[in-house]
Protein chains: 2
Amino acid sequence: MKLSTKGRYGIKAMVDIAMEYGTGRLSVNQLAEKQGVSVAYLEQLIAALKKAGLVTSTRGASGGYTLSRPPEEISMREVLTALEGSTAIVDCVGTEMGQSCENACSCSARPLWLKLQRRIDDVLQSTTIKDMADDYRIQQERNDNGNETSIS
Amino acid sequence: MKLSTKGRYGIKAMVDIAMEYGTGRLSVNQLAEKQGVSVAYLEQLIAALKKAGLVTSTRGASGGYTLSRPPEEISMREVLTALEGSTAIVDCVGTEMGQSCENACSCSARPLWLKLQRRIDDVLQSTTIKDMADDYRIQQERNDNGNETSIS
DNA sequence: ATATATCCTACTATTTTACTTGGAATTGTT
DNA sequence: AACAATTCCAAGTAAAATAGTAGGATATAT
């Protein structure tokens with residue numbers, strides 16, 4: 001039930017982009033460097049985010065990506081869905097049409113899948129990209145303070 | 001973030017075994033037939049359940065598997081862990097030692113992983129194999145009644 | 001004895017993941 | 001106008017994980 005690198009790298013990139021919201025944009029090069037990931041691979045993940053309408057691109061020199069909406073209006077559910085195709089832990093509880101298994105009403109595991117899926121989507125839906133960015137800022141401040149005092 | 005067939009088949013097999021708790025046992029043949037899965041493959045999954053001490057085997061003719069503890073004392077977290085190795089959605093939030101990523105304290109995604117993992121484990125820990133079996137019995141009754149009335 | 005089981009290990013095929021490669025199109029800068 | 005930095009796009013490939021198969025040894029009720 002592991003998350004793939006698509007989800008992991010993609011979400012981190014999204015938070016990085018969110019950190020610049022209102023002030024500027026980030027190129028794939030910059031994003032890849034921050035995470036130590038190959039540019040070409042990250043390019044593909046960003047393409048998925050763009051296709052889903054979550055980021056806006058500017059081409060050419062000094063181009064890059066920005067959030068297409070305010071960070072508080074983008075849920076992590078949207079982000080993960082864009083990156084991984086779905087948040088479903090099993091196909092038969094996916095929200096897309098035609099994904100309900102034919103044995104659904106006689107499946108002994110389905111109640112558990114539904115319960116799990118509901119909780120997961122609750123968390124993802126209620127967490128916005130702004131929440132993530134805010135947490136990250138606080139975390140970075142803590143780290144900076146910690147380093148300063150330990151050096152002095 | 002999909003569950004593999006190990007988790008899916010294995011959990012269903014576990015519920016099937018639980019349905020016989022106190023009355024008898026089931027062979028891999030019977031379990032495989034119920035689910036339409038190959039005997040040889042299911043054998044491997046059951047082996048994992050046995051290794052984890054969740055089921056007890058009886059060898060030889062008319063042998064098979066039973067729960068090694070009362071169904072209300074087996075959580076779905078134990079079952080899934082036995083089958084998939086862990087319930088962690090990302091390695092860095094696994095409960096096993098040495099699985100915390102070196103960048104943990106500067107990772108923008110970690111807070112989300114922790115929140116998700118906590119919810120998932122809550123559900124899995126609080127759902128017992130007895131809950132699953134009870135649900136299944138009710139579901140089967142409903143189906144039986146539904147069929148009878150629709151035929152008559 | 002024999003049929004029915006678990007038990008065990010190794011092999012293989014398929015699918016998914018995680019990239020890499022190569023280049024076209026766009027745009028700011030000089 | 002030339003150039004460098006960038007997004008955009010489509011294919012190809014290597015590695016890993018998943019989902020099985022195959023074959024046989026061992027145990028036990030009848």
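Per chain, numbering begins at 1; letters A, B, ... match sequence-line order.
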Residues two or more places apart in sequence or in another chain: which of them pass salt bridge (Lys or Arg N to Asp or Glu O under 4.0 Å) with B:D135? none

Among pairs that include at least one residue of residues 8-19 of chain B, which meet side chain to side chain donor-acceptor pair (under 3.5 Å), considering only residues two or more places apart or in two chains? none

Please check if the side chain of A:S4 supplies one atom and the backbone of A:K6 the other of a donor-acceptor pair under 3.5 Å. yes

Any salt bridge linking B:D121 with B:R77? Criterion: basic side-chain nitrogen under 4.0 Å from a carboxylate oxygen. yes

For DNA chain D, find the residues of residues 12-37 of chain A with a heavy-atom distance under 4.0 Å and give them by number; none if there aren't any. A:S27, A:V28

Report each atom pair, protein N/O against N/O of nucleotides 2-5 of chain D, whose distance is under 3.5 angstrom.
none

Select from A:L3 and A:A40 the residue whose nearest nucleotide in DNA chain C is closer to the 5' end of that strand. A:L3

Donor-acceptor contact present, side-chain B:E43 to main-chain B:V28, <3.5 Å: no

Sorted by chain and residue number, the side-chain contact (heavy atoms from CB on, under 4.5 Å) partners of A:Q44 (sequence neighbours excluded) come out as A:Y41

Bounds of contact between DNA chain C and chain A, in 5' to 3' order, using a heavy-atom cut-off under 4.0 Å: C:dA18 to C:dG28

Hits for side-chain contact (heavy atoms from CB on, under 4.5 Å) against B:A52, two or more places apart or cross-chain, chain-then-number order -> B:L54, B:A82

For A:A48, enumerate each residue passing the side-chain contact (heavy atoms from CB on, under 4.5 Å) test, keeping only those at least two apart in sequence or located in another chain. none

What residues form a salt bridge (Lys or Arg N to Asp or Glu O under 4.0 Å) with A:E78, not counting sequence neighbours? A:R69

Where along nucleotides 8-15 of chain D does protein come under 4.0 Å, by heavy atom, of base (B) or sugar-phosphate alone (S), with - for untouched nucleotides? BB-B----

Are A:K2 and B:S86 packed together at the side-chain level, in the sense that at least one heavy-atom pair is separated by less than 4.5 angstrom? yes

Results of side-chain contact (heavy atoms from CB on, under 4.5 Å) for B:E33 - residues two or more places apart only: none

Between D:dT7 atom P and A:L49 atom CG, what is the distance in whole Å? 13 Å

Could you check whether any side-chain N or O of A:E20 sits under 3.5 Å from a backbone N or O of A:I17, counting only pairs where one atom can act as donor and the other as acceptor? no

Non-neighbouring partners of A:K130 that pass salt bridge (Lys or Arg N to Asp or Glu O under 4.0 Å), sequence neighbours left out: A:D134

